[in-house]
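First comes the structure, then the notes that go with it.
Numbers here simply count residues along the sequence, with the first being 1. Just so you know, these numbers use all the heavy atoms, side chains as well, and skip hydrogens, waters and symmetry mates.
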Amino acid sequence: MPLTRLIVSDLRNLAQAEMRPGNAVNLICGPNASGKTSLLEAIHLLGRGRSFRTPRTTNIIRKGASKVTVFGEVEPLSGVASVPVGLSKSSDGSQQLKVAGEALSSTAPLLKLLPLQLINPDTFGLLAGGPKSRREYVDWGVFHVEHLFLDVWQRFNRCLRQRNSLLRQGKARWADIMVWDRELVECAGQLNQYRLRYLERLLPVFNDLLQELAELDALTVSFYPGWDKVRPLAEVLEQGFEADRTAGYTHAGPQRADLKIRYLGQRASDTLSRGQQKLVVAALKLAQGQMFTQSSGRHCVYLVDDLAAELDEENRAALCRLLAGLGSQLFLTVVDEQAFSGYWGGQEVKMFHVKHGIVSTAN
């Protein structure tokens with residue numbers, strides 16, 4: 001499902017930029033601070049409704065402008081007419097989103113129309129960061145394969161908000177909490193099963209890809225559901241009620257789930273080099289993209305920012321070889337275009353140059 005056109009207005013140093021990407025490899029070349037990453041950020045806005053660099057809209061709007069606007073055309077399936085997508089975010093916090101001319105209030109349709117996989121320096125957070133980024137990683141995949149996931153996830157979070165609101169009052173009785181716990185426990189069980197079912201399919205794909213990138217046989221990945229697996233969640237919540245009431249929030253549940261990634265029994269981020277960590281993260285992202293293709297028959301779009309960072313020539317070549325074999329549309333930012341000229345195995349390569357916020361097509 002390639003992006004066939006991109007128009008960006010007033011995003012950081014990009015006053016006005018347009019590109020017509022190729023269906024395969026798109027190399028975005030230019031010196032540091034030229035606007036290369038901002039182009040990836042624009043695509044991320046179209047596919048996720050938010051920036052991957054900052055949660056603050058004012059940080060991405062060009063100085064002197066009042067809003068940022070991104071427009072794109074997405075080909076959902078081969079041979080199907082492209083779908084126009086537009087998103088604008090204003091400095092006052094307002095947002096407008098349109099898909100095929102229809103105004104939308106939720107970004108969920110974007111996730112389905114333009115599924116993205118991002119590999120950038122911040123994705124090291126999958127290993128070194130807190131559980132939230134790993135939960136989001138798992139739930140992105142579950143969202144695309146379990147059609148009821150979003151509804152169950154929303155129901156669970158509604159129950160969790162009500163439970164936490166009661167806990168914060170400080171005088172909540174167990175009888176008051178139980179009213180919400182019945183549905184919360186039911187939803188938690190469904191969410192946990194969705195996640196486990198997805199990971200059971202994902203991890204073998206991840207292990208195969210990692211073997212092609214690095215010799216890390218001692219690396220293990222396990223799933224923590226967010227509570228003691230030996231006891232039912234209902235029992236855990238009841239026994240933890242006093243601690244929850246004292247703290248003012250719920251300690252156990254799917255909102256505490258985590259993906260434990262270890263090497264030689266220790267956290268992978270503490271034992272692996274930066275280059276090895278990047279290969280592990282890349283394998284996780286590529287595995288998720290392959291899972292998406294297997295389940296939907298469609299392809300993700302890959303955004304890779306500063307691919308050369310942390311990797312020697314051999315590892316760059318190995319990663320590029322895997323990326324080229326995906327059959328997906330790729331957007332990669334590079335400083336030295338010549339360093340990547342021979343890695344793509346006959347795939348069509350389209351080159352874009354960025355300098356001082358101005359984008360030009362090199363071929």
Backbone N or O of [Y] within a donor-acceptor pair of the [X] side chain at under 3.5 Å?
X: Q329; Y: L3; result: yes
X: S94; Y: S90; result: no
X: S133; Y: G130; result: yes
X: T333; Y: I28; result: no
X: Q277; Y: L272; result: yes
X: N192; Y: A188; result: no

| Any idea which heavy atoms bring T57 and K89 closest together, and the distance? | CG2-CB, 3.6 Å

Quick one: do [X] and [Y] make a salt bridge, cutoff under 4.0 Å?
X: E41; Y: R53; value: yes
X: E242; Y: R245; value: yes
X: R135; Y: D258; value: no
X: R321; Y: E212; value: no

| said: Can you tell me which residue among R62, Q16, K63 is in a side-chain hydrogen bond (donor to acceptor under 3.5 Å, both in side chains) with D10? | reply: R62

| query | In this structure, are over 12 heavy atoms from other groups packed under 6.0 Å from Q96 atom CD? | reply |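 Counting other residues, nucleotides and ligands, CD of Q96 stays at 12 neighbours or fewer.
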
| said: Would you say CH2 of W153 has more than 12 non-hydrogen atoms from neighbouring residues, nucleotides or ligands within 6.0 angstrom? | reply: no

| Side-chain heavy-atom pair S66, I61 within 4.5 angstrom cut-off |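 No - every pair of side-chain heavy atoms lies 4.5 Å or more apart.
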
| Check: T107 and R48 side chains under 4.5 Å, non-hydrogen atoms | no

Assess, by modelled atom type and distance only, whether the side chains of [X] and [Y] contain a donor and an acceptor separated by less than 3.5 Å.
X: Q255; Y: Y249; value: no
X: R267; Y: S269; value: yes
X: D305; Y: T37; value: yes
X: R163; Y: T250; value: yes
X: E75; Y: T4; value: no

| note | Output for pair (N26 CG, L6 CG), nearest 0.5 Å, gives 10.5 Å

| said: Parallel, tilted or perpendicular, judged at 30° and 60°: which one describes the rings of F292 and W140? | reply: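 F292 and W140: tilted rings.
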
| message | Tell me whether the NZ or CZ atom of K285 lies within the 45° cone about the ring axis of Y137 and under 6.0 Å from its centre. | response |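 Negative - K285 is either too far from the ring of Y137 or too far off its axis.
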
| said: Using a 6.0 Å distance limit plus a 45 degree cone around the ring axis, check whether R195 lies over the aromatic ring of F223. | reply: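 Because its charged atom misses either the 6.0 Å distance or the 45° angle limit, R195 does not stack over F223.
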
